[in-house]
Novice: 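Mind having a look at this structure? Questions to follow.
Computation of the quantities below employed the complete heavy-atom set of this structure, encompassing side-chain atoms and omitting hydrogens, waters and symmetry-equivalent molecules. Labels below follow one simple rule: chain letters A, B, ... track the order of the sequence lines, proteins then strands, and each chain is numbered from 1.
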Protein chains: 2
Amino acid sequence: MSDITTQKNVSDRERLVKMLKALGNPVRFQIIQFLAQRQVCITNDIVRATPLAQSTVSQHLKVLREAGLIKGDIEGPATCYCLDTDGFTWLKQNFQAWVPDVQVCCPPVERH
Amino acid sequence: MSDITTQKNVSDRERLVKMLKALGNPVRFQIIQFLAQRQVCITNDIVRATPLAQSTVSQHLKVLREAGLIKGDIEGPATCYCLDTDGFTWLKQNFQAWVPDVQVCCPPVERH
DNA sequence: AAGTTATATCGTAAAATTACGATATATGAG
DNA sequence: CTCATATATCGTAATTTTACGATATAACTT
């Protein structure tokens, strides 16, 4: 309990950090934007909206899935992706809770 | 303009993604938490609150600085760090704006 | 001036991420 | 059954990130 890596709410914090990490990549961030706009689409729609190889997109989708940001339902030969409602609700709440609201910062301090 | 990597607001999006990436690392996230709690402290306070080497912490601080999340003022021989007010205000606003608010997701769709 | 403290940067090793092509699997069409 | 389509996974190369020790710099102390 002496350093900042041993605290309470570890699993919540880890979940949040995992989500932020997943979003902190330009390709994945834009896949989320694309999915938010399209609501529902299959993998191939995302691949075609991208300059990347299908396997690369599939890998990014896996990261987003494992972060709890998207859900994929198998529909016949394709996989139908959409945003994970619960995941995003949780993210928005916890982002507000964990990421500091800064009011005043860097007051002039005297250090001796 | 045909794929999702060519859109408007690129620099805002890039700035947001850069911030999310910076936060999407457990060490850096906890440095932010630590700074939010302590308001102001020098590098060595953070190093001592951490199991990591000084150079490693310094490197993480650089990432946070370059993402616009913290500011460092040189005070004598030490550097005095605090959260970047403007950066966090911008982040919170743009997170709300860019990260989708999901209401309904995955309606049952018929695919032919 | 010499020693101490605080920190950033450099060089580098190890690990993780990102991207690709190839492949395996599964579904639907003919 | 065969072919086409859709996608996940595997193997792998290139790049980036993460971490460390060593070093350079800068400011106080004595």
Novice: Once salt bridge (Lys or Arg N to Asp or Glu O under 4.0 Å) is applied, do any residues pair with B/K62, and if so which ones, sequence neighbours excluded?
Specialist: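 Scan of B/K62 (salt bridge (Lys or Arg N to Asp or Glu O under 4.0 Å), adjacent residues dropped) gives none.
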Novice: Is a donor from one side chain sitting under 3.5 angstrom from an acceptor on the other, for B/Q30 and A/R13?
Specialist: yes
Novice: Give the table of side-chain donor-acceptor pairs shorter than 3.5 Å for residues 17-27 of chain B, with sequence neighbours excluded, one pair per line with atom names and distance.
Specialist:
unit_1 : atom_1 : unit_2 : atom_2 : d
B/N25  : OD1    : B/V27  : N      : 2.9
B/N25  : OD1    : B/R28  : N      : 3.0

Novice: Can you build the contact string for nucleotides 19-30 of chain D? Use B for base contact, S for sugar-phosphate-only contact, and - for no protein heavy atom under 4.0 Å.
Specialist: BBBB----S---
Novice: Can you name the side-chain contact (heavy atoms from CB on, under 4.5 Å) partners of A/T56, sequence neighbours left out?
Specialist: A/L52, A/A53, A/H60
Novice: What residues, two or more places apart in sequence or in another chain, satisfy side-chain contact (heavy atoms from CB on, under 4.5 Å) together with A/P77?
Specialist: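 None.
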Novice: Under the side-chain contact (heavy atoms from CB on, under 4.5 Å) test, which residues partner B/D86, sequence neighbours left out?
Specialist: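 For B/D86, the residues satisfying side-chain contact (heavy atoms from CB on, under 4.5 Å) (neighbours in sequence not counted) are B/D84.
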Novice: Can you check the A/L23 CG to C/dT17 P distance for me, whole Å?
Specialist: 15 Å
Novice: Identify each atom pair where a protein N or O and an N or O of nucleotides 2-4 of chain C are less than 3.5 Å apart, giving names and distance.
Specialist:
none

Novice: OP1 or OP2 of C/dT7 less than 4.0 angstrom from a side-chain nitrogen or oxygen of B/T43, does that happen here?
Specialist: yes
Novice: At under 4.0 Å, does any side-chain N or O of A/Y81 touch on OP1 or OP2 of D/dA8?
Specialist: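 Answer yes for this pair, as a side-chain N or O of A/Y81 is under 4.0 Å from OP1 or OP2.
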Novice: Nearest whole angstrom, please: distance from the P of C/dA8 to the CG of B/N44.
Specialist: 11 Å
Novice: Measure CG/A/L61 against P/C/dT17 and give the value in whole Å, please.
Specialist: 17 Å
Novice: Just to verify, what does B/F95 make a ring-ring contact (aromatic ring centres under 6.0 Å, His included) with, not counting sequence neighbours?
Specialist: A/F95
Novice: For A/T79, give me all partners under side-chain contact (heavy atoms from CB on, under 4.5 Å), at least two apart in sequence or on another chain.
Specialist: A/T43, A/I74, A/Y81
